[in-house]
Amino acid sequence: MPFDPATRPLTPNEARVLATLMEKARTVPDSYPMSLNGLLTGCNQKTSRDPVMTLSDADAQEALDSLKLLSLAFESSGNRTTRWEHNFQRGVGVPEQSAVLLGLLMLRGPQTAGELRINAERWYRFADISSVEAFLDELQERSAEKGGPLVMQLPRAPGAREQRWAHLLCGPVDTSSAPAASASAAPALAARVEALEAEVAELRSTVGRLCAELGLTPASLSPPGQD
(Lines give C-alpha, C1' and ligand atoms only; values in the text may rest on other atoms or scores of the structure.)
Protein backbone atom coordinates (compact mmCIF):
# COMPACT_ATOMS: atom_id res chain seq x y z
CA MET A 1 0.00 0.00 0.00
CA PRO A 2 1.49 3.39 -0.97
CA PHE A 3 2.09 6.06 1.62
CA ASP A 4 -1.23 7.70 2.51
CA PRO A 5 -0.93 11.19 4.03
CA ALA A 6 -4.62 11.15 4.93
CA THR A 7 -3.95 8.27 7.34
CA ARG A 8 -0.53 9.29 8.58
CA PRO A 9 0.59 12.76 7.42
CA LEU A 10 4.22 13.78 7.64
CA THR A 11 5.31 16.23 10.30
CA PRO A 12 7.02 19.44 9.09
CA ASN A 13 10.37 18.07 10.31
CA GLU A 14 9.88 14.79 8.44
CA ALA A 15 8.90 16.64 5.27
CA ARG A 16 12.01 18.86 5.47
CA VAL A 17 14.36 15.92 6.06
CA LEU A 18 12.78 13.83 3.29
CA ALA A 19 12.77 16.67 0.75
CA THR A 20 16.38 17.57 1.57
CA LEU A 21 17.45 13.99 0.87
CA MET A 22 15.57 14.18 -2.43
CA GLU A 23 17.20 17.49 -3.35
CA LYS A 24 20.78 16.48 -2.51
CA ALA A 25 20.46 13.17 -4.36
CA ARG A 26 19.94 15.19 -7.55
CA THR A 27 22.01 18.34 -6.99
CA VAL A 28 25.10 17.02 -5.14
CA PRO A 29 25.27 13.29 -5.98
CA ASP A 30 28.93 13.12 -4.84
CA SER A 31 27.78 13.81 -1.26
CA TYR A 32 24.94 11.30 -1.41
CA PRO A 33 23.91 9.18 0.51
CA MET A 34 24.05 11.76 3.29
CA SER A 35 25.49 11.78 6.77
CA LEU A 36 23.44 13.26 9.59
CA ASN A 37 25.65 16.37 9.68
CA GLY A 38 25.38 17.00 5.94
CA LEU A 39 21.65 16.42 6.03
CA LEU A 40 21.21 18.84 8.93
CA THR A 41 23.10 21.55 7.05
CA GLY A 42 20.79 21.09 4.06
CA CYS A 43 17.66 21.13 6.22
CA ASN A 44 18.68 24.41 7.88
CA GLN A 45 19.70 26.29 4.72
CA LYS A 46 18.68 29.93 4.68
CA THR A 47 18.12 29.95 0.89
CA SER A 48 15.65 27.94 -1.21
CA ARG A 49 13.67 27.06 1.92
CA ASP A 50 10.17 28.12 2.98
CA PRO A 51 9.89 28.23 5.87
CA VAL A 52 13.48 28.53 7.11
CA MET A 53 13.91 25.99 9.91
CA THR A 54 16.45 25.30 12.64
CA LEU A 55 16.47 21.56 13.29
CA SER A 56 18.72 19.97 15.89
CA ASP A 57 20.58 16.68 15.55
CA ALA A 58 17.87 15.04 17.65
CA ASP A 59 15.10 16.52 15.48
CA ALA A 60 16.69 15.22 12.28
CA GLN A 61 17.43 11.77 13.74
CA GLU A 62 13.88 11.42 15.05
CA ALA A 63 12.53 12.36 11.61
CA LEU A 64 14.83 9.84 9.92
CA ASP A 65 13.73 7.07 12.27
CA SER A 66 10.07 7.83 11.51
CA LEU A 67 10.70 8.01 7.76
CA LYS A 68 12.45 4.64 7.97
CA LEU A 69 9.35 3.10 9.60
CA LEU A 70 7.26 4.58 6.77
CA SER A 71 9.65 3.05 4.17
CA LEU A 72 10.41 6.56 2.86
CA ALA A 73 14.09 6.53 3.89
CA PHE A 74 16.71 3.93 4.73
CA GLU A 75 20.26 3.62 6.03
CA SER A 76 23.12 2.82 3.66
CA SER A 77 25.50 0.06 4.63
CA GLY A 78 29.25 -0.25 4.16
CA ASN A 79 30.27 3.08 5.71
CA ARG A 80 31.75 3.83 9.10
CA THR A 81 29.48 6.88 9.26
CA THR A 82 25.79 6.11 8.95
CA ARG A 83 24.40 7.57 5.74
CA TRP A 84 20.84 7.97 4.61
CA GLU A 85 18.93 7.71 1.32
CA HIS A 86 15.34 8.50 0.42
CA ASN A 87 12.89 5.97 -0.97
CA PHE A 88 10.28 8.52 -2.00
CA GLN A 89 9.30 7.38 -5.48
CA ARG A 90 8.86 3.75 -4.51
CA GLY A 91 7.37 4.49 -1.09
CA VAL A 92 4.78 6.93 -2.42
CA GLY A 93 4.35 5.31 -5.82
CA VAL A 94 4.97 8.24 -8.15
CA PRO A 95 7.20 8.78 -11.23
CA GLU A 96 10.34 10.92 -11.11
CA GLN A 97 8.67 14.07 -12.44
CA SER A 98 5.97 13.96 -9.77
CA ALA A 99 8.57 13.28 -7.06
CA VAL A 100 10.51 16.36 -8.18
CA LEU A 101 7.44 18.59 -7.93
CA LEU A 102 6.49 17.24 -4.51
CA GLY A 103 10.05 17.64 -3.23
CA LEU A 104 10.13 21.27 -4.34
CA LEU A 105 6.76 21.99 -2.75
CA MET A 106 7.97 20.49 0.54
CA LEU A 107 11.16 22.58 0.46
CA ARG A 108 9.90 25.91 -0.88
CA GLY A 109 6.20 26.04 -0.01
CA PRO A 110 3.31 26.75 -2.42
CA GLN A 111 4.37 27.73 -5.95
CA THR A 112 2.85 28.30 -9.37
CA ALA A 113 3.53 25.89 -12.22
CA GLY A 114 5.90 28.45 -13.72
CA GLU A 115 7.86 28.83 -10.47
CA LEU A 116 8.09 25.05 -10.14
CA ARG A 117 9.50 24.73 -13.65
CA ILE A 118 12.19 27.35 -12.89
CA ASN A 119 13.06 25.88 -9.50
CA ALA A 120 13.23 22.34 -10.91
CA GLU A 121 16.07 23.15 -13.33
CA ARG A 122 18.77 21.42 -11.24
CA TRP A 123 16.48 18.48 -10.44
CA TYR A 124 14.74 17.76 -13.73
CA ARG A 125 14.22 19.76 -16.94
CA PHE A 126 10.55 20.00 -17.80
CA ALA A 127 9.90 20.75 -21.47
CA ASP A 128 7.36 23.47 -20.71
CA ILE A 129 4.84 24.68 -18.16
CA SER A 130 2.14 22.47 -19.70
CA SER A 131 4.22 19.43 -18.78
CA VAL A 132 4.45 20.62 -15.16
CA GLU A 133 0.70 21.25 -15.06
CA ALA A 134 -0.02 17.79 -16.44
CA PHE A 135 1.87 16.09 -13.61
CA LEU A 136 0.27 18.40 -11.02
CA ASP A 137 -3.18 17.54 -12.35
CA GLU A 138 -2.33 13.86 -12.14
CA LEU A 139 -1.23 14.25 -8.51
CA GLN A 140 -4.40 16.17 -7.68
CA GLU A 141 -6.65 13.55 -9.25
CA ARG A 142 -4.82 10.57 -7.75
CA SER A 143 -7.23 7.76 -6.85
CA ALA A 144 -7.87 6.52 -3.33
CA GLU A 145 -6.45 3.12 -4.30
CA LYS A 146 -3.10 4.80 -4.96
CA GLY A 147 -3.19 6.79 -1.73
CA GLY A 148 -5.35 9.76 -2.72
CA PRO A 149 -4.44 13.29 -3.90
CA LEU A 150 -0.97 14.56 -3.05
CA VAL A 151 -1.36 18.20 -4.17
CA MET A 152 -4.08 20.80 -4.41
CA GLN A 153 -4.49 24.07 -6.29
CA LEU A 154 -4.90 27.00 -3.94
CA PRO A 155 -7.47 29.77 -4.49
CA ARG A 156 -6.11 32.60 -6.59
CA ALA A 157 -4.60 35.31 -4.38
CA PRO A 158 -5.82 38.90 -4.90
CA GLY A 159 -3.90 40.45 -7.80
CA ALA A 160 -2.16 37.18 -8.72
CA ARG A 161 -2.11 36.07 -12.35
CA GLU A 162 -1.62 32.38 -11.61
CA GLN A 163 -2.80 29.99 -8.93
CA ARG A 164 -0.29 28.28 -6.71
CA TRP A 165 -0.04 24.62 -5.80
CA ALA A 166 0.58 23.08 -2.37
CA HIS A 167 1.45 19.52 -1.34
CA LEU A 168 -0.76 17.42 0.93
CA LEU A 169 1.94 15.17 2.38
CA CYS A 170 1.59 16.91 5.74
CA GLY A 171 -2.19 16.71 5.66
CA PRO A 172 -4.90 19.18 4.55
CA VAL A 173 -3.85 22.74 3.72
CA ASP A 174 -5.52 25.70 5.41
CA THR A 175 -6.51 27.94 2.50
CA SER A 176 -8.13 30.59 4.71
CA SER A 177 -4.76 32.12 5.58
CA ALA A 178 -3.28 32.18 2.07
CA PRO A 179 -0.60 34.90 1.76
CA ALA A 180 -1.03 37.88 -0.53
CA ALA A 181 0.16 37.88 -4.11
CA SER A 182 3.34 39.77 -3.26
CA ALA A 183 4.41 37.01 -0.90
CA SER A 184 3.69 34.32 -3.50
CA ALA A 185 6.10 36.02 -5.88
CA ALA A 186 8.95 36.08 -3.36
CA PRO A 187 10.41 32.61 -4.13
CA ALA A 188 10.48 33.29 -7.88
CA LEU A 189 12.05 36.72 -7.31
CA ALA A 190 14.73 35.23 -5.07
CA ALA A 191 15.51 32.62 -7.72
CA ARG A 192 15.83 35.33 -10.39
CA VAL A 193 18.11 37.47 -8.20
CA GLU A 194 20.28 34.43 -7.48
CA ALA A 195 20.56 33.64 -11.20
CA LEU A 196 21.37 37.26 -12.09
CA GLU A 197 24.05 37.49 -9.41
CA ALA A 198 25.67 34.33 -10.78
CA GLU A 199 25.54 35.76 -14.31
CA VAL A 200 27.12 39.05 -13.20
CA ALA A 201 29.90 37.18 -11.41
CA GLU A 202 30.58 35.15 -14.56
CA LEU A 203 30.67 38.30 -16.71
CA ARG A 204 33.10 39.97 -14.32
CA SER A 205 35.34 36.94 -14.48
CA THR A 206 35.26 37.00 -18.28
CA VAL A 207 36.07 40.73 -18.41
CA GLY A 208 38.95 40.25 -15.98
CA ARG A 209 40.38 37.43 -18.08
CA LEU A 210 40.12 39.44 -21.30
CA CYS A 211 41.75 42.48 -19.67
CA ALA A 212 44.61 40.31 -18.44
CA GLU A 213 45.17 38.94 -21.94
CA LEU A 214 45.23 42.51 -23.34
CA GLY A 215 47.50 43.83 -20.61
CA LEU A 216 44.79 46.12 -19.26
CA THR A 217 43.03 46.50 -15.95
CA PRO A 218 39.23 46.81 -15.71
CA ALA A 219 39.67 50.30 -14.22
CA SER A 220 41.48 51.47 -17.35
CA LEU A 221 38.41 50.81 -19.49
CA SER A 222 36.46 54.06 -19.75
CA PRO A 223 32.69 53.96 -20.13
CA PRO A 224 31.39 54.90 -23.61
CA GLY A 225 31.41 58.65 -24.27
CA GLN A 226 34.04 59.40 -21.61
CA ASP A 227 37.23 59.06 -23.66
Under a plain distance cut-off of 3.5 Å, with no hydrogens placed, do Y124 and E96 share a side-chain donor-acceptor pair?
no
Closest non-hydrogen atoms of R108 and S48, given as atom of the first, atom of the second and distance, are NH2-OG, 3.0 Å
Is there a side-chain contact between L67 and L18 in this structure, where contact means two heavy atoms from C-beta onward sitting under 4.5 Å apart?
yes
Can you tell whether the side chains of E138 and R142 come within less than 4.0 Å, N to carboxylate O?
no
Closest contact, heavy atoms only, L21 versus A73
CD1-CB, 4.3 Å
Would you mind checking if E141 and K146 are paired as a salt bridge, meaning a charged N to carboxylate O distance below 4.0 Å?
no
For residues A113 and E162, report the shortest heavy-atom separation together with the two atoms involved.
N-OE1, 4.5 Å
Shortest non-hydrogen contact between R117 and V132, atoms and distance
CB-CG2, 3.9 Å
Measure the shortest side-chain to side-chain distance between T11 and C170 over non-hydrogen atoms and say whether it is less than 4.5 angstrom.
no
Does any part of the side chain of L55, heavy atoms only, come nearer than 4.5 Å to the side chain of V17, both counted from C-beta?
yes
Heavy-atom pair with the smallest gap, counting every atom of P5 and L168:
CB-O, 3.3 Å
Verdict with supporting geometry, L36 and W84, side-chain contact (heavy atoms from CB on, under 4.5 Å)
CA-CA 8 Å; L36 181 62; W84 291 85; 5.5 Å; no
Taking C-beta and beyond as the side chain, do P149 and H167 meet within less than 4.5 Å on heavy atoms?
no
Does the side chain of D65 pick up a donor-acceptor pair with the side chain of Q61 at under 3.5 Å?
yes
Can you find a heavy atom in the side chain of R164 that is under 4.5 Å from one in the side chain of Q111?
no
Examine the side chains of D59 and S56 and answer whether a donor and an acceptor come within less than 3.5 Å of each other.
yes
Taking E75 first and then K68, would you say they form a salt bridge - that is, a charged N and a carboxylate O separated by under 4.0 Å?
yes
Any side-chain heavy atom of P33 sitting closer than 4.5 Å to one from K24?
no
Find out whether Q45 and M53 are in side-chain contact, i.e. whether some heavy atom of one side chain is under 4.5 Å from a heavy atom of the other.
no
Close side-chain approach of W165 to Q140, heavy-atom, < 4.5 Å
yes
